[in-house]
Trainee: 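Below is one structure. I have some questions about it.
In what follows, chains carry the letters A, B, and so on, assigned in the order in which the sequence lines appear, proteins first and then strands, with residues in each chain numbered from 1. Since we're looking at a predicted model, the values are computed, not measured.
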Number of protein chains: 2
Amino acid sequence: MRILKITLQYDGTDYVGWQRQANGVSIQALLEDALEPIERSPVVVHGAGRTDAGVHALAQVATATLSAAIEPATLARALNAVLPPSVRVLTVQEAEPPFHARFSAAGKVYEYRIVNEPIVSPFLHRYAWHVPTPLDVEAMRKASRLLKGTHDFAAFQGSGSAVASTSRTIRAIDWVDGGGAVPLVMRIEADGFLRHMVRTIVGTLVEVGMGRWPSSQVTRILESGERREAGRTAPAQGLFLARVIY
Amino acid sequence: MRILKITLQYDGTDYVGWQRQANGVSIQALLEDALEPIERSPVVVHGAGRTDAGVHALAQVATATLSAAIEPATLARALNAVLPPSVRVLTVQEAEPPFHARFSAAGKVYEYRIVNEPIVSPFLHRYAWHVPTPLDVEAMRKASRLLKGTHDFAAFQGSGSAVASTSRTIRAIDWVDGGGAVPLVMRIEADGFLRHMVRTIVGTLVEVGMGRWPSSQVTRILESGERREAGRTAPAQGLFLARVIY
C-alpha cells in the first residue's frame, strides 16, 4: 500500500467543513468519493486540520492509503476532473510510512482576513470578516505579541472540546495591513491549535482594536483560563488554513 | 427632481446581467426595487453599460431621478442595507441636468482576467477565464496594438446587434501579467463598445497567444468585417466593467 500526500485548496463557503458529517457536504467526503472509483474500494482520507464549516484552505494536507498503481500527477488530474471548482488538488506526492497528514504535522499556519472599511467588496464578502469600525492595528499588534510563546490557551478554546492539554506554542503572530483595498490579514503559526482558537484570538484582538479593551487584557484572559473572558468567535468566512508544516 | 449618480460594484455570477429581464434577477431590478420605497413611487435607473449575464462591475454608474429629499450618503447606506452583499453601492453623488449615466459617458474601461495556469484557484474560478494552455503574452500584446485606434469593429460584434455605426476608438489596450498567482489582465479603454466586443477581442487574442494565428491576423479580421473570422466569445465570468469616463 502507498501513502499519498494530497495538498488541497478550497472555498469552504458551501461546505459543512473538512470532516464528513450527516448534515451536508464535507471536503473529506468529496475527496473520498472521488478516490473510491480510482481505488475500486472505499478510501478513508485524513486531513491535517479539521477546518470548520465555512472555513477556507489555501493548502490543506490529506493522506490517503491506496493500492491503485496511478502516477501522482495523473491522480491529481483525475481528482480535479471530478471535484467541483470550489475544491482543487494542488499536488499529489508519494510519502514514506509512517507519514500521516495530522499526526506528522509539526505546526500549522492560519490566516484571518478582515475588511476594515465601511463597505465590503462583493468579491471579498465570502472571504473576510467585515468590521466597519476603524481598528487600531498597532494596539492589536501589541496585544498579539502577548500571546506569542507557550501558554495555556483554555480561554481561547471553543466549548465542547475534550483535549488532553490546552497548552500550545504560538511561534509567530503578525498583522499585515494592506491599507484599505486589500484586507487586513492576521498570520499565525503554532505547533497546534485548539478548537476555534484562531477565531477566538481574532475576536479578542478586534475588541482591543476597537478600543474596548487595553492590549494588556489578553494576558488577563490567558491567565483566567475562562472562555467567557475572551472576545466573540470571529466568523468562519475570514479564516484560511494557509500551510501545514512537516 | 434631482439626478443622482450611483456608482456600484457587483459580482455578476448569479444575475442575468445589468438589464431588467423576465427570466431572472438583474442588477437594474435590484436597484430599482431598492429605490422604490425611498421614493414612494416606481423609479427607473439607467446604467452606463449593459453588462451581460455573469459579467462583473468594479464601478458601474447608474443615474436615477428622484424627488425624495434624502442625503446622498444616507441613500448609499439605505441601499446597501437592502441590497444583497453581491451588489454594493460605492458612492451616491448629486449630478446636474442633463447628466445621464449612459449618454454622458465619454468612454469606458473594461478588464478581462485570465488564469493561465494548469489549475485555477477556487477563489478565482468565478472571476476569470481558465486557459490552461501556456499563452504567448508578447504575441497577444503585439496583436493588441493592431487594434488600437479608430476601426470598424463589425467583426468583433456579437450577433443580433443593431447599432447605427460599428466604428469605435480603442484608446488603450494593455496586458498586465501578474505572473501566475495573480491572473493575466487585459485592460481596454474605448469611447464605446459593441455588444460582446471585449469578449470577442479576448477570444481572438487568446488564439494568437496559443500560436494558432499570427499577431497580424487581427488586422485581417478587422478588415473582413465578419464575426465568423474572429475568435470565440470569451466567457462572461472573466469580464469586469472597471470604470466609466465622463
Side-chain angles (χ1 to χ4, degrees), chain A residues 6-15 27 30-31 51 54-60 73-81 83-92 111 113 115 117-130 132 180-183 185 235 237-242, chain B residues 6-15 27 30-31 51 54-60 73-81 83-92 111 113 115 117-130 132 180-183 185 235 237-242:
Chain A
I6 302 170
T7 305
L8 298 146
Q9 197 167 86
Y10 49 81
D11 175 343
T13 308
D14 299 328
Y15 301 105
I27 312 297
L30 284 172
L31 188 57
T51 56
V55 173
H56 315 292
L58 300 174
Q60 166 78 288
T74 310
L75 179 60
R77 278 196 301 276
L79 292 172
N80 282 329
L83 288 167
S86 50
V87 180
R88 292 290 90 184
V89 170
L90 301 182
T91 56
V92 175
E111 284 183 13
R113 303 187 185 177
V115 171
E117 290 288 312
I119 297 169
V120 60
S121 155
F123 307 107
L124 288 177
H125 79 94
R126 284 192 204 86
Y127 310 120
W129 180 19
H130 182 208
V182 176
V185 181
Q237 84 257 16
L239 187 61
F240 294 72
L241 171 55
Chain B
I6 303 169
T7 304
L8 299 145
Q9 197 168 86
Y10 49 82
D11 174 343
T13 308
D14 299 328
Y15 301 105
I27 311 296
L30 283 174
L31 188 56
T51 54
V55 173
H56 316 290
L58 300 175
Q60 165 78 288
T74 310
L75 180 59
R77 278 196 301 275
L79 292 171
N80 282 330
L83 289 167
S86 50
V87 180
R88 292 291 89 185
V89 170
L90 301 182
T91 56
V92 175
E111 283 183 11
R113 303 186 186 179
V115 170
E117 290 289 312
I119 297 170
V120 59
S121 153
F123 307 106
L124 289 176
H125 80 96
R126 285 191 202 85
Y127 311 119
W129 180 18
H130 183 209
V182 175
V185 181
Q237 85 256 18
L239 187 61
F240 293 73
L241 171 55

Trainee: Can you name the residues that form a side chain to side chain donor-acceptor pair (under 3.5 Å) with A/Thr74, not counting sequence neighbours?
Mentor: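 Scan of A/Thr74 (side chain to side chain donor-acceptor pair (under 3.5 Å), adjacent residues dropped) gives none.
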
Trainee: Is a side-chain donor or acceptor of B/Arg88 paired with a backbone partner of A/Val120 at a separation under 3.5 angstrom?
Mentor: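 Answer holds: no.
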
Trainee: With a 4.5 Å cut-off on heavy-atom pairs, point out which of B/Pro84, B/Pro85, B/Ser86 contacts chain A the most.
Mentor: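 Between B/Pro84, B/Pro85, B/Ser86, the count favours B/Pro85.
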
Trainee: With no hydrogens and no angle check, is any side-chain donor or acceptor of A/His56 less than 3.5 Å from a backbone partner on A/Asp11?
Mentor: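 Side chain of A/His56 to backbone of A/Asp11: no pair is present.
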
Trainee: Against chain B, label A/Ser121 side chain, backbone, both or neither, depending on which of its atoms sit under 4.5 Å from a heavy atom there.
Mentor: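 Both parts, backbone and side chain.
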
Trainee: Flag the one option from B/Arg77, B/Gln9, B/His130 with the top tally of heavy-atom pairs under 4.5 Å to chain A.
Mentor: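 Of the candidates given, the most pairs with chain A belong to B/Gln9.
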
Trainee: Can you list everything that forms a side chain to side chain donor-acceptor pair (under 3.5 Å) with B/Arg126? Sequence neighbours excluded, please.
Mentor: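 B/Arg126: side chain to side chain donor-acceptor pair (under 3.5 Å) contacts with A/Tyr127.
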
